[in-house]
Number of protein chains: 2
Amino acid sequence: MKDSEENMEQRILECAEKLFLDKGYNLASTTEIAKEAGCTQALVHYYFRTKENLFQKIFDRKLSLFLAPFAESDNSTLPFAELLESKVRIFFDSVAQNQKMPFMLLSEIMSSTTQRAYIRDKITEICGVMSLEFNRRVEAEVASGNIRPVTGVDIMLDIFSLVMSFFMLLPVLEDLDVVTDENREAFIKERRTHIIETLIHCIKK
Amino acid sequence: MKDSEENMEQRILECAEKLFLDKGYNLASTTEIAKEAGCTQALVHYYFRTKENLFQKIFDRKLSLFLAPFAESDNSTLPFAELLESKVRIFFDSVAQNQKMPFMLLSEIMSSTTQRAYIRDKITEICGVMSLEFNRRVEAEVASGNIRPVTGVDIMLDIFSLVMSFFMLLPVLEDLDVVTDENREAFIKERRTHIIETLIHCIKK
DNA sequence: ATTATCTATAGATCTATAGATAATGC
DNA sequence: ATTATCTATAGATCTATAGATAATGC
């Protein structure tokens, strides 16, 4: 009852999210989550019964928020190069605001087959329609000879790879002093531009 | 003394490597490693004292083997596009033979600052010279107007991102039935070609 | 003698639950 | 009465070590 502005269940969710993102599922213990939230460990289980439940609730919400902007952006009337640029920009900015999500997502992908099935369903649910449309669009562009023969899957993989890896590798770039506190913001912006240009070049004949 | 062909210390190393790659540092217990190797858990500690030691020894060796082909390939006499193709091909094939390394490497990068410092030093040690030469070459090509203005760092990031992410995302592609047992080999080969073409397109003016 | 291997166990977690007590809403 | 919170504890790991015993190399 210290913080009158929000209840303990909410606090637990917030602290758990932070710890799961920082340390991953296994290293974030319900004991530590409770400590961070300012309650006993038993209370965490009172509200969410199992650690697995708690995690899944957080991960589910996070994954939706993470993918939504990318999935929802409908730019079907744009020329293809601009559509591509818009897609990358939106996804890049979504990741920039959730810089720990790529690693969390990958960890879950590696963790178990069931978790992967869950993620697959979630991706299909959120991105399925957009993905189908995108694939069709790419096919149409290829058929009409506007771009070189690539598949929608290839381009999607390119986008995911370039954007997610960049943020996962940022800490290394900082260690190597390629990225510093001074140039950080500019570097990120330039990288976004580079990725957009790379992808646009990549589809050119 | 069951397996006469190799000693137990070696067996432990091999089983530990497999388990660390499969489950990650935290979920691979010395208990399980011992069980897999066919000895008691105490013996694992007899040979390597701590789990951390054991892991570091394996990771160190694995990281060297993983980066070496990429670092050592000297193609400085080739035209730049061919040099790029060669670099990607070599790194792609190295990852293809160590498909779990990208995730292990990322996990360690995320795990702690000390581990990151260690990785930074290792990368510098193995790739430092090559990296410097590559950067100079890129600058020269840009200066002479052969390619569009990009940095060596950008291209390195592109290569690492596209190649490592592809193998980390493979399980998802399999879940989505984009990759199956039948097309797997061909798909991987085509992806390698696509990445090479993308990077070559990307440097064109 | 030395090295390899085992048994047994201490000590540190961690998750989950049972059961007691305090706070809150009627 | 119901809901929120705490104390205490069971039971499952896991790492690391001490101390005993078996195997090996002179």
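Here is the naming used below: chain letters follow the sequence lines, and residue numbers restart at 1 for every chain. Just so it is clear, the structure is predicted and the values come from calculations on it, not from any experiment. Excluded from the calculations below are hydrogen atoms, water molecules and symmetry mates; all remaining heavy atoms, backbone and side chain alike, are included.
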All N/O contacts under 3.5 Å from nucleotides 9-12 of chain D to the protein, with atom names and distances to one decimal?
none

Rounded to whole Å, please give me the gap between [atom1] in [X] and [atom2] in [N].
X	N	atom1	atom2	answer
B/Leu27	C/dC14	CG	C1'	13 Å
B/Asn26	C/dT13	CG	P	14 Å
B/Phe48	C/dA4	CZ	C1'	13 Å

ask   = Under 4.0 Å between a Lys/Arg side-chain N and an Asp/Glu carboxylate O for B/Arg191 and A/Asp158?
value = yes
request  = Could you tell me whether B/Glu174 and A/Arg116 have a side-chain N and a carboxylate O separated by less than 4.0 Å?
outcome  = no
task = Select base, sugar-phosphate, or nothing to describe what A/Tyr47 touches, counting heavy atoms under 4.0 Å on all strands.
result =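 Here A/Tyr47 touches the backbone only, sparing every base.
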request  = Measure the shortest side-chain to side-chain distance between A/Thr30 and A/Phe48 over non-hydrogen atoms and say whether it is less than 4.5 angstrom.
outcome  = no
ask   = For atom CD of B/Glu52, is the number of surrounding heavy atoms from other residues, nucleotides or ligands below 6.0 Å larger than 12?
value =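 Yes.
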task = Identify which one of B/Val172, B/Leu169, B/Leu170, B/Leu173 satisfies the side chain to side chain contact (heavy atoms under 4.5 Å, CB included) criterion when paired with B/Val178.
result =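 Filter result, single survivor: B/Leu173.
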Within residues 29-37 of chain A: residues closer than 4.0 Å to DNA chain C (heavy atoms) =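 Under 4.0 Å from DNA chain C: A/Ser29, A/Thr30, A/Thr31.
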inquiry  = Using a 3.5 Å limit on both distances, find every run of at least three consecutive Watson-Crick or G-U pairs that involves DNA chain D.
reply    =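 The stems are C:1-24 with D:1-24.
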ask   = Could you walk me through whether A/Ser165 and B/Ser165 pass the side-chain hydrogen bond (donor to acceptor under 3.5 Å, both in side chains) check?
value = CA-CA 7 Å; A/Ser165 293; B/Ser165 293; 2.4 Å; yes
inquiry  = Would you say A/Tyr46 places a side-chain N or O within less than 4.0 Å of OP1 or OP2 belonging to D/dA4?
reply    = yes
